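As structure tokens, the structure follows; a few thoughts come after it.
Please read all numbers here as calculations on a predicted model, not as lab measurements. The sequence lines fix the lettering, A, B, ..., with proteins before strands; numbering per chain opens at 1. Scope of the values below: all heavy atoms of this structure, side chains included, with no hydrogens, waters or symmetry mates.
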Amino acid sequence: MKIATWNVNSVRTRLPIIEEWVKTSEPDIILLQELKCVNEAFPNEFIEDLGYNIALHGQKTFNGVAILSKFPIEDITINLPNFNDPQARYIEAFTGGVRVASLYAPNGSEVGSEKFSYKLSFYKHLCLHLEQVLQHNEPFLIGGDYNIAPTDADVHDPEKWKGSVLVSPEERTIFHQLLNLGLTDTLRDLHPEEKCQKEDWYTWWDYRSGAWHRNWGLRIDHILASSHAKEKLSAVGIDRDLRGMTRPSDHTPYWCQLK
DNA sequence: ATGGTTGCCTCGCAA
């Protein structure tokens with residue numbers, strides 16, 4: 001079973017790339033972020049014709065997350081149950097024998113800003129909720145745009161990024177707290193940092209400054225796995241080609257395969 | 001170089 005996460009940066013604008021990607025990459029479960037549309041405006045028919053069931057949590061203009069699955073989708077939760085969030089950043093459901101969540105963490109704008117506080121608060125409540133989820137001892141995967149690059153190995157130029165959001169010590173501490181709950185960073189499980197010093201696993205390149213062509217990327221999209229899911233982990237990958245296509249998202253899909 | 005681009009749908013905001 002293949003599970004992919006992708007920040008599409010507007011689902012309606014991305015339909016041509018989604019169609020081509022689905023036909024070549026063939027994920028069984030897709031976790032989408034930044035739909036940038038309300039549920040009523042979501043291209044249901046288009047996605048169903050590609051063979052997926054849909055669970056949605058949309059929002060006008062900003063944010064919005066979805067779970068697409070070739071299997072029936074059950075037990076859907078919208079928003080973190082412990083966090084009354086006006087922004088659509090979390091959806092969780094049971095499908096194909098696994099529990100999955102699609103996450104769009106706040107960007108945080110600037111370290112110390114009001115939006116940064118909101119990011120920390122969002123993550124605090126996410127940790128508390130995941131603590132509950134992990135008590136159920138079922139295979140669980142949470143994928144999405146975490147807006148955190150866990151270490152300097154995940155940043156094209158750590159010096160340049162120092163002091164910025166996505167790489168701050170506070171955010172990296174939070175990422176480690178997630179791992180300490182019993183979650184595994186699926187990428188680093190199969191490709192540990194010490195073994196891939198010469199390869200990058202970036203998932204996001206800024207639209208600005210020709211970042212893509214200069215490979216100024218960061219790894220900020222992740223899939224974390226519970227122990228029962230990690231046991232079955234067989235492969236991971238990034239569909240990097242999509243970033244070079246016409247009208248691309250600024251993120252690429254990241255996926256993992258379970259036995 | 002406080003730069004630069006994209007997507008929302010407004011003439012600005014978020015990323």
A:N82 CG to A:Q132 CD distance, which is reported to the nearest 0.5 Å:
8.5 Å
Rounded to whole angstroms, how far apart are CG on A:N63 and C1' on B:dC8?
12 Å
A:K115 has its side chain closest, among B:dG7, B:dC9, B:dA14, to B:dA14
A:L218 atom CG is separated from B:dA15 atom C1', nearest whole Å, by 13 Å
With sugar-phosphate meaning primed atoms plus P, OP1 and OP2, does A:R214 contact a base, only sugar-phosphate, or nothing at under 4.0 Å between heavy atoms?
nothing
Between A:Y146 and A:Y123, what is the ring plane arrangement, given parallel below 30°, perpendicular above 60°, and tilted in between?
parallel
N/O (side chain, A:R247) to phosphate O (OP1/OP2, B:dG7) under 4.0 Å
yes
In whole Å, what separates the P atom of B:dC8 from that of B:dG3?
25 Å
Which residue lies toward the 5' end of DNA chain B, A:K36 or A:Q87, if each is placed at its nearest nucleotide?
A:K36
A:Q59 has an atom CD; how far is it from atom P of B:dG7, in whole Å?
19 Å
Between A:P248 and A:F62, which residue's closest nucleotide on DNA chain B lies nearer the 5′ terminus?
A:P248
Interatomic distance at P, B:dC9 relative to B:dG4, whole Å:
26 Å
Within the structure, does a side-chain N or O atom of A:T13 lie under 4.0 Å from either OP1 or OP2 of B:dG7?
no
Would you please name every residue forming a side chain to side chain donor-acceptor pair (under 3.5 Å) with A:W204, sequence neighbours left out?
A:D250
Here the distance between atom P of B:dC8 and atom CG of A:N7, to the nearest Å, is 13 Å
For B:dA1 and B:dC13, measure between their P atoms and round to the nearest Å.
27 Å
A:W205: hydrophobic cluster co-members (side-chain, 4.5 Å)
A:Y202, A:W212
Please report, rounded to the nearest Å, how far the P atom of B:dT6 is from the CG atom of A:L242.
17 Å
From A:V98, A:T5, A:L141, A:L258, residue fulfilling side-chain contact (heavy atoms from CB on, under 4.5 Å) relative to A:I29:
A:V98
Take the protein atom CD of A:E34 and the nucleotide atom C1' of B:dG7, then report the distance between them rounded to whole Å.
9 Å
The residue among A:K36, A:H251, A:Q33 that forms side chain to side chain donor-acceptor pair (under 3.5 Å) with A:N9 is A:K36
Ion pair check, A:D152 and A:R172, cut-off under 4.0 Å
yes
What residue pairs, at least two apart or across chains, pass salt bridge (Lys or Arg N to Asp or Glu O under 4.0 Å) with a residue in residues 67-93 of chain A?
A:D75-A:R99, A:E92-A:R99
In terms of ring plane angle, is the pair A:H191 and A:W201 parallel, tilted or perpendicular, where the classes change at 30° and 60°?
tilted
Under 4.0 Å from OP1 or OP2 of B:dC9: is there any side-chain N or O of A:K60 that close?
yes
Could you list, one pair per line, each protein nitrogen or oxygen that sits under 3.5 Å from a nitrogen or oxygen of nucleotides 1-5 of chain B, together with the distance?
| from | atom 1 | to | atom 2 | distance (Å) |
| --- | --- | --- | --- | --- |
| B:dT5 | O4' | A:Y207 | O | 3.4 |

Would you please name every residue forming a ring pair (Phe, Tyr, Trp, His ring centres under 6.0 Å) with A:Y104, sequence neighbours left out?
none
Measure CZ/A:R14 against C1'/B:dT6 and give the value in whole Å, please.
8 Å
Looking only at atom C1', what distance separates B:dC11 and B:dG7, rounded to whole Å?
15 Å
Between NE2 of A:H251 and P of B:dA14 the distance, given in whole Å, is 17 Å
Listed in order of residue number, which residues of residues 101-113 of chain A have a non-hydrogen atom at under 4.0 Å from DNA chain B?
A:Y104, A:N107
